[in-house]
Amino acid sequence: MQVSLATSAGSADRPNEDFVGAVPGAVVLLDGAGIPGAEHLCFHGVAWYTHRLGGALLGHLSRGDGRDLAAILATAIGEIAAEHGDTCDIADPSSPQATVAMVRADQDRLEWLLLADSYLVLDRVDAGPLVVTDEREVAARRECAAPLAGVVLRTPEYDRVRASCVTALRARRNRPGGYWIAKDDPRAAREAVTGSWALAGLNGVALLSNGASRIVSPYGQTDWPGVLDLLRASGPAGVIARVRQVEAQADGGTDAQTPDDATVAHCTDLRAAVRRVSTIR
C-alpha cells in the first residue's frame, strides 16, 4: 500500500487540530472538534487530544493482533480518557473530541471505520467512486440549525440564536438519537460506521477531513470522481490547495467559508497487498 498524506491548518494563529498518520497496511485520520474558550475544561487542548488518540490508534493497528477496528478505537478512547480524566472535565460536552476515519488492509479486504463527519472515498475498479461517511452529525447539525433560517447574518439576534443552536447540538453528542464522536466514552466506538471491500476491486482509497471535503460541498469545485482525478494528478496537497483558493476568494459571509483545518490521505497500490498475502500463503 502506497500512502500520500497532506494536512493544512485553517489558521496560522491556531494549532492544526487534525491528525493523520499511517503504519504498514493502515491509515488513521482524525478531525478535532475545537471549542473556543474551553481551556478551563481541558488545559491540554484539542490538538493534544487528536494527536494522542491518533498515536494510540496507530500503535494498536501496528500490532496486527486481529482485533476489529471498533475494539481498537474503544481501547484507545479509554486510554486517552484515563490520561487526563483526573485533571480535566472530560465529561463536559465541550471538552476535546474528534471524528475518526480508519482503514486497514486485512487479508484480501479493505476494512474501514468512520465516526462522525469525515469522508472515505473508495476508488472502485469496475464502478464509480463509493463515498462513505457518518451522516448522523450532519443530520443533527441541520436540525439544530433550523432556527437560524431567515435570521439576518452579523446581527445580535443571529449571534444569540446561533449560540443556542450550538448548545443544542452539543447536547446530542454521544447520545442515542444524536450522533457519536470520539471523546471520553469508549462505548461510542461501537456506534461507528464500519464496512469492508475486496482489495482486488479497488484502485485506491481516500480519506478526507470535513475541511477538505468542502471541495465538493459546499464549494462545488468538483464532484467525487473529480476528487479522485485531482488526487491522481496532484496528490492530497492539490486537493487542499483548491479548497484554500476558494476560501481566499470568499467574503467570509458564512461559517463554511471560514478556513478550517484540512487533511487528506490517499492510498494506492492496494492490490499489491493481495499479491503479498497470496505469496505468504
Side-chain angles (χ1 to χ4, degrees), residues 1-8 18-22 25-31 61 69-70 99-139 141-142 179 192-247 256 260-275:
M1 180 189 294
Q2 300 292 321
V3 182
S4 300
L5 310 171
T7 187
S8 167
D18 285 358
F19 172 92
V20 66
V27 179
V28 171
L29 185 153
L30 278 65
D31 184 348
L61 286 165
L69 296 180
T99 73
V100 179
M102 290 195 286
V103 295
R104 176 177 62 184
D106 185 37
Q107 299 297 321
D108 60 350
R109 301 191 69 81
L110 182 82
E111 303 173 341
W112 67 76
L113 177 150
L114 290 169
L115 193 64
D117 64 345
S118 292
Y119 286 80
L120 174 72
V121 187
L122 302 178
D123 184 1
R124 296 183 290 180
V125 172
D126 298 324
L130 176 64
V131 181
V132 185
T133 189
D134 181 351
E135 297 179 344
R136 289 169 294 184
E137 181 176 359
V138 174
R141 190 179 301 276
R142 185 182 302 116
Y179 70 98
V193 175
T194 58
S196 69
W197 201 274
L199 287 172
L202 297 173
N203 294 312
V205 61
L207 295 83
L208 296 88
S209 68
N210 181 268
S213 72
R214 290 178 174 186
I215 192 173
V216 175
S217 178
Y219 296 161
Q221 292 297 294
T222 187
D223 54 14
W224 290 111
V227 169
L228 293 177
D229 290 340
L230 185 56
L231 283 169
R232 296 184 196 106
S234 304
V239 173
I240 295 174
R242 286 280 294 276
V243 170
R244 296 299 185 227
Q245 288 171 5
V246 176
E247 291 166 342
D260 187 15
D261 301 332
T263 303
V264 181
H266 187 213
C267 312
T268 57
D269 200 22
L270 301 181
R271 282 174 285 176
V274 178
R275 293 194 293 272

Practice task
Identify, with sequence neighbours excluded, every residue that meets side chain to side chain contact (heavy atoms under 4.5 Å, CB included) alongside V3.
Solution key: M1, L5, A22, V27, C267
Exercise for the section: Quick one: pull up CH2 in W197 and CG in L110 and give me the separation to the nearest 0.5 Å. Expected result: 11.0 Å
Problem - Closest contact, heavy atoms only, L29 versus A265 - result: CD1-N, 4.3 Å
Practice task
Kindly compute the distance separating OG (S118) from CD (E137), expressed to the nearest 0.5 Å.
Solution key: 9.0 Å
Problem - With R232 via side chain to side chain donor-acceptor pair (under 3.5 Å) - residues at least two apart - result: D123, D229
Handout entry: Closest heavy-atom pair and its distance - G238, L230
Key = O-CD2, 3.9 Å
Handout entry: Side chain to side chain, N203 and T268, heavy atoms closer than 4.5 Å
Key = no
Practice task
Applying side chain to side chain donor-acceptor pair (under 3.5 Å), name anything that partners D134, two or more places apart in sequence or on another chain.
Solution key: R136
Practice task
Of all the heavy-atom pairs spanning I240 and A6, show the shortest one and how long it is.
Solution key: CD1-O, 3.6 Å
Problem - Nearest non-hydrogen partners of T133 and A116, listed with the distance - result: OG1-O, 4.4 Å
Completion exercise
T263 meets the side chain to side chain donor-acceptor pair (under 3.5 Å) criterion, sequence neighbours left out, with T7, D18
Problem - Set of side chain to side chain donor-acceptor pair (under 3.5 Å) partners for D261, sequence neighbours left out - result: none
Problem - Min side-chain heavy-atom separation V205-L270 under 4.5 Å - result: yes
Fill in the blank from the handout: Closest heavy-atom pair, I215 versus V227, reported as atoms and distance to 0.1 Å, is CG2-CG2, 3.9 Å
Completion exercise
In short, A262 meets A212 closest at the heavy-atom pair CB-N, 3.8 Å
Problem - Pairs meeting criterion salt bridge (Lys or Arg N to Asp or Glu O under 4.0 Å) with involvement of residues 236-245, two or more places apart - result: R244-E247
Problem - Where at least one partner belongs to residues 203-213, residue pairs that pass salt bridge (Lys or Arg N to Asp or Glu O under 4.0 Å), sequence neighbours excluded - result: none
Problem - Contacts of W224 that satisfy ring-ring contact (aromatic ring centres under 6.0 Å, His included) - sequence neighbours left out - result: Y119
Handout entry: Close side-chain approach of L61 to V28, heavy-atom, < 4.5 Å
Key = yes
Exercise for the section: Scan residues 109-119 for pairs that pass salt bridge (Lys or Arg N to Asp or Glu O under 4.0 Å), counting only residues two or more places apart or in two chains. Expected result: R104-E111
Fill in the blank from the handout: Residue set satisfying salt bridge (Lys or Arg N to Asp or Glu O under 4.0 Å) with R124, at least two apart, ordered chain then number -> none
Exercise for the section: State which residues pass ring-ring contact (aromatic ring centres under 6.0 Å, His included) with F19; sequence neighbours excluded, sorted by chain then number. Expected result: H51
Problem - Point-to-point distance, once rounded to the nearest 0.5 Å, from CG of L69 to CG of L115 - result: 12.0 Å
Practice task
Kindly determine whether V193 and L113 satisfy side chain to side chain contact (heavy atoms under 4.5 Å, CB included), including the steps that lead there.
Solution key: CA-CA 6 Å; V193 175; L113 177 150; over 6 Å; no
Handout entry: Side chain proximity check, V132 to L114, heavy atoms < 4.5 angstrom
Key = yes
Completion exercise
CG (D223) and CG (L228) are apart, to the nearest 0.5 Å, by 9.0 Å
